[in-house]
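In what follows, residues are counted from 1 in the order of the sequence shown.
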Amino acid sequence: MTMSALGEPCVLLKLGEVVLKGNNRELFERRLQSNIKASVKDLDFKVDLRQRHGVIALFLPEGSGVERADVVAERVSNVPGLVWIHRAWRVAKDPAAVTKAAIELLADREDVRRGVSFAVRSRRRDKRFPLTSMQLDRSVGGELNDIYGLPVDLKNPQLVVSIEVDRDEIFVFTGGQPGQGGLPVGTSGRGLVLMSGGIDSPVAAYRMMRRGLRVDFLHFSGIPFTTSESIYKAYALARALDKFQGGSRLWVVPFGKAQQSIKASGQDRLAVISQRRLMLKTAEEVARRLRAGALITGDSLGQVSSQTLQNITAQDDAVDMPILRPLIGLDKTEIMAEARRIGTLQISELPDEDCCTLLAPRRAETAAKIADLKQIERRLDAEELAVQLAGSLQEYKLQV
Ligand code: ATP
Ligand code: MG
């Protein structure tokens, strides 16, 4: 039974910062719409997207049950640019239909039986509707009060019944789930994430996707001197992050031999920073080929010896492209909490043989001098090496 008094199940989406965009707004909205459509494209039923004033409604094929609305809501809850997702009922534009739907909506609810306090909150996006928001609140609230005997609490209700009057229909719902917030992926351009198998870089990737960057993933493996475990981890991480943008690509550079050469150069204490600079130079070359405009890393200030201010300065010096470090001011516990929430922590915590362990010196330099690093690089011919490494790039196609 779907065509009850409740009307038809649908999903109502509230936009985030997109609404702040002046002249660009249409561009942002179009991008958001196409990202939403892409997120539900592979479902076995059609989802019909309608842009309304300041909100987006997703309609389901006639006769659809709530399970379909649940599936769609789950998908779009990962799409950046949305702040709220409501599973709503779409009813006819008529006060009696709204009242009936609201009554039905509260039937068979455990909290209603317990006698929770409630409030009705109406908004009109169509001001021609005969009742004002306040009149709607009062009349629907009065009916609910008569039938269920719930106390009204306008300030701090435990249950809110929302009514939104639109151009062609009215939406009725309770509750909702927060979206990812941020900006639609693709509205800020493209970035390249340096992704280890660790905890931090996947979170950094997520943060930048949420600021509107479409990202590619680049992993340096210790191959041929390590196993491929780290590649599997990078692969699993890229797959887990794909739900936020769709169409993700993973690129892998075999880095073992280059690390050997750095090691052979004898500067033990500088080896880690030296290799990080070579990674960045290689990444910059790869980014140019992929038309990405920024590199993204999971650095957090002071977390490890390569992340002191001096060493970060030495890394910035290696490339022209901006290096974005969205986690720079976060604590490890905060990063871990976010990794858990976005579903990457479990993967990151799997054991692997990180390529960096090949180089771990007894004492790493915390204040690397750029002149010393450049001297090592002249001997290595680092610029040429970076171009060669970028040439050995391999794409791992994600099966999502
Ligand atoms: P993570 O948890 O992301 O591995 P970390 O705290 O272990 O970070 P480092 O190992 O110093 O810190 O790495 C700093 C950043 O350098 C990483 O966040 C990542 O962006 C990049 N990076 C390090 N190793 C690799 C690698 N093998 N492939 C790609 N990027 C790497
Ligand atoms: Mg690491």
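- A pairwise comparison of heavy atoms in Ala283 and Leu192 identifies O-CD2, 3.4 Å as the closest pair.
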With side chain to side chain contact (heavy atoms under 4.5 Å, CB included) as the test, would you mind laying out the steps for Val252 and Tyr235 before giving the verdict? CA-CA 10 Å; Val252 176; Tyr235 182 93; over 6 Å; no
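- Arg128 and Asp126 are joined by a salt bridge, as a carboxylate oxygen and a charged side-chain nitrogen come within less than 4.0 angstrom of each other.
- Between Lys233 and Glu349, none of the side-chain N atoms (NZ, or NE/NH1/NH2) sits under 4.0 Å from a carboxylate O, so this pair counts as no salt bridge.
- Val76 is not connected to Phe171 by any chain of hydrophobic side-chain contacts under 4.5 Å among Ile, Leu, Val, Met, Phe, Trp and Tyr, and they are in different clusters.
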Determine whether Leu12 and Arg87 satisfy the following criterion, side chain to side chain contact (heavy atoms under 4.5 Å, CB included), listing intermediate values before the conclusion. CA-CA 6 Å; Leu12 192 63; Arg87 266 151 276 214; over 6 Å; no
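- Cation-pi geometry between Arg90 and Phe59 is met: under 6.0 angstrom from the ring centre, within 45 degrees of the axis.
- Salt bridge annotation for Asp317-Arg277: present, with a cationic side-chain nitrogen under 4.0 angstrom from a carboxylate oxygen.
- For Thr333 and Asp331, the side-chain atoms include no donor-acceptor pair closer than 3.5 Å.
- A side-chain donor from one of Asp137 and Ser122 sits under 3.5 Å from a side-chain acceptor of the other.
- Placement of Val79 and Ile85 within a single hydrophobic cluster is found when ILVMFWY residues are connected by side-chain heavy-atom separations under 4.5 Å, directly or transitively.
- Between the side chains of Ser230 and His219, at least one donor N or O sits under 3.5 Å from an acceptor N or O.
- The nearest pair of heavy atoms linking Val161 to Ala102 is CG1-CB, 4.4 Å.
- Using a 4.0 Å cut-off between a side-chain N of Lys or Arg and a carboxylate O of Asp or Glu, Arg249 and Glu395 do not qualify as a salt bridge.
- Taking the charged nitrogens against the carboxylate oxygens, Arg124 and Glu164 have no contact shorter than 4.0 Å, which rules out a salt bridge.
- The side-chain contact (heavy atoms from CB on, under 4.5 Å) test with Ser248 singles out one residue from Val193, Leu398, Val215, Asp216, and that residue is Leu398.
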When you look at Glu285 and Lys281, which way does the side chain to side chain contact (heavy atoms under 4.5 Å, CB included) test go after all the steps? CA-CA 6 Å; Glu285 182 62 30; Lys281 285 179 195 288; over 6 Å; no
